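Source: prediction; values computed, not measured. Numbering of residues begins at 1 and proceeds along the displayed sequence.
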Amino acid sequence: MSKFLKGAILILAIFSLAACNQAEDTAEDETDSTEQQVEEESGEKENQEDEESIALAENFIEQLSQGQYEEATDKFDQTMSEQLGAAELQELWESLEVQMGEFIDYEYNKTETIDGGYQVILIHGVFNDADIMFQVTVNENLEIAGFYI
């Protein structure tokens, strides 16, 4: 084989390897881009779910502070509805105000995710004589599954 032909084959082989390597890099970039997009969409969904859970918990505290006990129980899951009715909720809130003074305000603190798809929303409650932490547990159906003080 002539030197020219060997040189041409060598150059073609180098270009072929470079083209394959570039195709692999492009495929990796596309895979990385797709994975990043899926992660971003998942994060956006989680943020939206967090925001909805926080809004539900804050609305619940707002309803209690305004004496809207029936409305406050509307978003209870079945277990909560069976264990805590509007009358008991009213008694609980009024007892809190007797012990802590008049309710002044609340502020979202943080969200914790626990097993079973539950989100625990911690809300700092400010009363005239003391501050407390409300813990509103929200299930994956955006229902209140627990309330602790």
Side-chain angles (χ1 to χ4, degrees), residues 10-149:
L10 181 60
I11 290 173
L12 284 174
I14 290 172
F15 281 129
S16 295
L17 288 174
C20 288
N21 200 17
Q22 184 178 7
E24 287 176 8
D25 288 346
T26 302
E28 286 177 14
D29 290 346
E30 289 174 5
T31 301
D32 291 344
S33 177
T34 302
E35 289 174 359
Q36 183 178 4
Q37 185 178 4
V38 168
E39 288 174 7
E40 287 173 0
E41 289 172 0
S42 175
E44 289 173 7
K45 182 179 178 186
E46 287 178 14
N47 287 340
Q48 182 180 2
E49 290 173 353
D50 287 352
E51 290 173 11
E52 291 173 348
S53 296
I54 292 166
L56 175 64
E58 287 179 333
N59 188 51
F60 175 68
I61 299 300
E62 187 71 29
Q63 288 171 329
L64 293 177
S65 72
Q66 295 176 359
Q68 300 171 348
Y69 306 110
E70 284 291 332
E71 293 86 348
T73 62
D74 286 347
K75 287 292 190 171
F76 280 5
D77 71 358
Q78 184 176 350
T79 303
M80 279 291 290
S81 293
E82 292 170 358
Q83 295 181 2
L84 187 65
E88 293 87 6
L89 199 54
Q90 179 178 359
E91 186 178 317
L92 173 70
W93 188 261
E94 290 173 353
S95 173
L96 261 178
E97 289 190 313
V98 166
Q99 294 174 26
M100 306 292 180
E102 182 181 337
F103 179 76
I104 298 170
D105 201 5
Y106 65 89
E107 183 178 348
Y108 166 77
N109 184 286
K110 68 179 178 176
T111 301
E112 298 174 355
T113 302
I114 58 175
D115 292 338
Y118 292 96
Q119 291 183 307
V120 178
I121 314 301
L122 299 175
I123 296 176
H124 178 239
V126 180
F127 287 79
N128 198 38
D129 298 334
D131 294 354
I132 61 172
M133 189 63 67
F134 296 114
Q135 183 176 329
V136 182
T137 304
V138 178
N139 67 18
E140 58 193 13
N141 298 321
L142 289 175
E143 298 172 319
I144 296 174
F147 176 55
Y148 303 97
I149 301 167

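Counting all heavy atoms, side chain and backbone alike, Phe134 lies closest to Gly125 at CE1-CA, 3.6 Å. Nearest heavy atoms, Gly116 versus Glu140: O-OE1, 4.2 Å. Between Ala72 and Leu89, the shortest heavy-atom distance links the atoms CB-CD2, 3.8 Å.
A heavy-atom distance below 4.5 Å is found between the side chains of Ile149 and Leu92. Side chains of Phe103 and Glu97 form a contact here, defined as non-hydrogen atoms less than 4.5 Å apart. Side-chain contact check for Leu142 versus Lys75: every heavy-atom pair is 4.5 Å or farther apart. The closest side-chain heavy-atom distance from Ile54 to Glu51 is not below 4.5 Å. Under the 4.5 Å side-chain criterion, counting only non-hydrogen atoms from C-beta, Leu122 is not in contact with Tyr148.
By the 6.0 Å contact criterion, CD on Glu82 is enclosed, its count of non-hydrogen atoms from other residues, nucleotides or ligands being greater than 12.
To the nearest 0.5 Å, the span separating NZ on Lys110 from CG on Asp50 amounts to 13.5 Å. Distance check: Ser53 OG to Glu143 CD gives 11.5 Å after rounding to the nearest 0.5 Å. Here Leu64 contributes atom CG and Glu71 contributes atom CD; the two are 10.5 Å apart, rounded to the nearest 0.5 Å. If you take CZ on Phe147 and CG on Leu84, they are separated by 8.5 Å, rounding to the nearest 0.5 Å. From Glu112, atom CD reaches atom CD1 of Ile121 across 9.5 Å, with rounding to the nearest 0.5 Å.
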Criterion side-chain contact (heavy atoms from CB on, under 4.5 Å) on Met133 and Ile123, from CA distance to verdict: CA-CA 6 Å; Met133 189 63 67; Ile123 296 176; 5.6 Å; no
Exercise for review: Could you walk me through whether Leu96 and Ile132 pass the side-chain contact (heavy atoms from CB on, under 4.5 Å) test, one step at a time?
Suggested key: CA-CA 10 Å; Leu96 261 178; Ile132 61 172; 3.8 Å; yes
Candidate pair Ile144 and Val136, rule side-chain contact (heavy atoms from CB on, under 4.5 Å), full reasoning: CA-CA 7 Å; Ile144 296 174; Val136 182; 4.1 Å; yes
| said: Run the side-chain contact (heavy atoms from CB on, under 4.5 Å) test on Glu58 and Tyr108 for me, step by step, so that the C-alpha distance in whole Å, both residues' side-chain angles and the decisive distance to 0.1 Å come before the verdict. | reply: CA-CA 7 Å; Glu58 287 179 333; Tyr108 166 77; 3.4 Å; yes
Worksheet item: Can you check side-chain hydrogen bond (donor to acceptor under 3.5 Å, both in side chains) on Tyr106 and Glu62, steps first, answer last?
Response: CA-CA 8 Å; Tyr106 65 89; Glu62 187 71 29; 3.3 Å; yes
Test side-chain hydrogen bond (donor to acceptor under 3.5 Å, both in side chains) on Glu91 and Ser95; report intermediate values, then the result. CA-CA 6 Å; Glu91 186 178 317; Ser95 173; over 6 Å; no
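The backbone N or O of Asp77 sits less than 3.5 Å from a side-chain atom of Ser81, completing a donor-acceptor pair. When atom types are taken as modelled, the side chain of Asn139 and the backbone of Asn141 share a donor-acceptor pair closer than 3.5 angstrom.
Side chains of Gln83 and Thr79: a donor-acceptor N/O pair is absent below 3.5 angstrom, by distance only. Using modelled atom types and a 3.5 Å distance limit, the side chains of Thr111 and Gln119 yield no donor-acceptor pair. Side-chain polar atoms of Tyr69 and Gln63 form no donor-acceptor pair below 3.5 angstrom.
Ring centroid separation for the pair Phe76 and Phe60 comes in under the 6.0 Å cut-off.
The aromatic rings of Phe127 and Trp93 sit tilted relative to each other, their planes meeting at an angle between 30° and 60°.
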